[in-house]
Amino acid sequence: MGSNTASTPRPLRIAVASGKGGTGKTTVAVSLALSLIEPPPTATSQPQVAFLDCDVEGPNAHLYLRPIFDRREDVVILVPEVDASKCTVCGKCAEVCQYHAILVLGTTPLVFPHLCHGCGSCAQICPENAISEQPHPIGVVEAGITPHGIFFARGMLQAGEPLATPIIRRLKQWAIPPSTSSHSVIIFDAPPGTSCPVVETARGADFLLLVTEPTPFGLHDLRLAAQVAGELGIPAGVVINRDGIGDESVASFCASAGLPILMRIPFQRAISEGIAQGRALLDIHPEYRTGFWNMFQHIQDLLAHHSQMGTLRQLATDSQ
């Protein structure tokens, strides 16, 4: 078993993100997936594609890929429950909780499950063993196969629950076990924004594909998204959606930041109407399939160059 795991090729992981919602992130992620399962005749290989919708507060990629879900699992976190007969109200549980999920008020510790991150520190530090951990459901993950043959999985945060990150973390672990060899490319459709759920989605990715629009708002959020890529140390490239509106400030920023612009999708009323009707971009404009395939090849070239540069830097370091 150990030798098989060691020889399993690691799938290429591409996270598709945007600094804000409504920029076409899911449109790009879905189009990339569809282009890979039907490569051009000149292609030497056909990737086996997995698609994870990590936008757990508003997943919508299923509307375009139409999977048939046949696997489902509840996601729970463990929250503290205090046995009042053992508790001496020492307050150590409240002191250790950085999320303020426990408050010692008078003679009774109060637990706020919606603030709890399930770290278990309170139960570990309690000197009276008065705290036990109880499962608290926060959402579900589910998976299935699309009519195109794409493995599809998504997470859904339960209404009223504030913690999206545990759902995303579980989705990635549950849907794509580390030893899997059935997929050669995994596409992560990230939540909008640049907060913790986006970081959790991008964590472990090989490439971050940033989708933006050429407007001042798009530029502002692209700067933040590029900063996340830099802090995570993930190579990144940009897709400019709705090209033709706004100005060239996004292109100027990309040039100055060393971010390659991998594709431009023009602003067209036909695209907007088709997307609103639940049609994928490649159904509206099948000729874009080649463009997305070429972008995938470009990403592979960038990663190969990045790997070589990393090797060169390591060699330089080792020689000192």
Side-chain angles (χ1 to χ4, degrees), residues 15 17 19-21 52-59 72-142 154-178 188 190-205 208 221 223-234:
K20 70 180 185 67
L52 270 61
D53 190 344
C54 298
D55 188 0
V56 300
E57 294 186 72
R72 191 172 193 271
E73 180 183 286
D74 292 332
V75 179
V76 301
I77 62 171
L78 297 176
V79 300
E81 183 176 273
V82 181
D83 184 343
S85 66
K86 296 181 179 178
C87 178
T88 60
V89 202
C90 67
K92 292 184 177 179
C93 54
E95 292 175 3
V96 77
C97 182
Q98 59 179 313
Y99 304 107
H100 307 294
I102 297 184
L103 173 66
V104 176
L105 191 63
T107 59
T108 305
L110 301 177
V111 177
F112 302 94
H114 289 85
L115 298 180
C116 179
H117 283 54
C119 69
S121 297
C122 55
Q124 293 179 16
I125 202 170
C126 178
E128 308 300 334
N129 292 322
I131 297 178
S132 59
E133 295 179 286
Q134 302 299 322
H136 174 72
I138 60 171
V140 299
V141 290
E142 54 188 5
R154 69 174 179 178
M156 291 189 295
L157 186 66
Q158 188 167 293
E161 292 294 334
L163 298 178
T165 302
I167 301 281
I168 298 170
R169 186 182 302 123
R170 181 58 186 153
L171 173 65
K172 295 169 71 175
Q173 295 170 345
W174 175 77
I176 311 292
F188 300 99
T194 55
S195 57
C196 294
V198 177
V199 173
E200 183 61 38
T201 301
R203 195 186 309 277
L208 193 55
D221 293 307
R223 289 181 186 274
L224 298 177
Q227 185 177 358
V228 170
E231 291 176 352
L232 292 176
I234 302 176

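One is the number of the first residue; the rest follow in order along the sequence.
Across G155 and V141, no two heavy atoms sit closer than the pair CA-CG1, 4.1 Å. Nearest approach of D55 to A190, heavy atoms of both residues: CB-O, 4.2 Å. Closest approach of I77 to G118, counting heavy atoms only: CD1-N, 4.4 Å. Heavy-atom minimum distance, V199 versus L232: CG1-CD2, 4.0 Å. Nearest heavy atoms, M156 versus P59: CG-CG, 3.7 Å. The two residues A225 and L208 have their closest heavy-atom pair at O-CD2, 4.5 Å.
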Would you give me the side-chain donor-acceptor pairs under 3.5 Å for residues 87-103, sequence neighbours excluded?
none

Show me the side-chain donor-acceptor pairs of residues 78-85 shorter than 3.5 Å, one per line, residues at least two apart or across chains.
residue: D83; atom: OD1; partner: S85; partner atom: N; Å: 3.0
residue: D83; atom: OD1; partner: S85; partner atom: OG; Å: 2.6
residue: D83; atom: OD2; partner: S85; partner atom: OG; Å: 3.4

Side-chain donor-acceptor pairs under 3.5 Å in residues 162-170, sequence neighbours left out?
residue: R170; atom: NE; partner: E73; partner atom: OE2; Å: 2.9
residue: R170; atom: NH2; partner: E73; partner atom: OE1; Å: 3.4
residue: R170; atom: NH2; partner: E73; partner atom: OE2; Å: 3.0

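Considering only heavy atoms from C-beta on, R72 comes within 4.5 Å of D74 through its side chain. The side-chain heavy atoms of T201 and P191, taken from C-beta on, include a pair separated by under 4.5 Å. The closest side-chain heavy-atom distance from V111 to C116 is not below 4.5 Å.
Residue pairs meeting the ring-ring contact (aromatic ring centres under 6.0 Å, His included) criterion with at least one member in residues 119-142, sequence neighbours excluded, are H114-H136.
R203 meets the salt bridge (Lys or Arg N to Asp or Glu O under 4.0 Å) test with E200; sequence neighbours excluded. Applying the salt bridge (Lys or Arg N to Asp or Glu O under 4.0 Å) criterion to E161, with sequence neighbours excluded, gives no partner residue.
Rounding to the nearest 0.5 Å places CZ of R223 at 14.0 Å from OG1 of T194.
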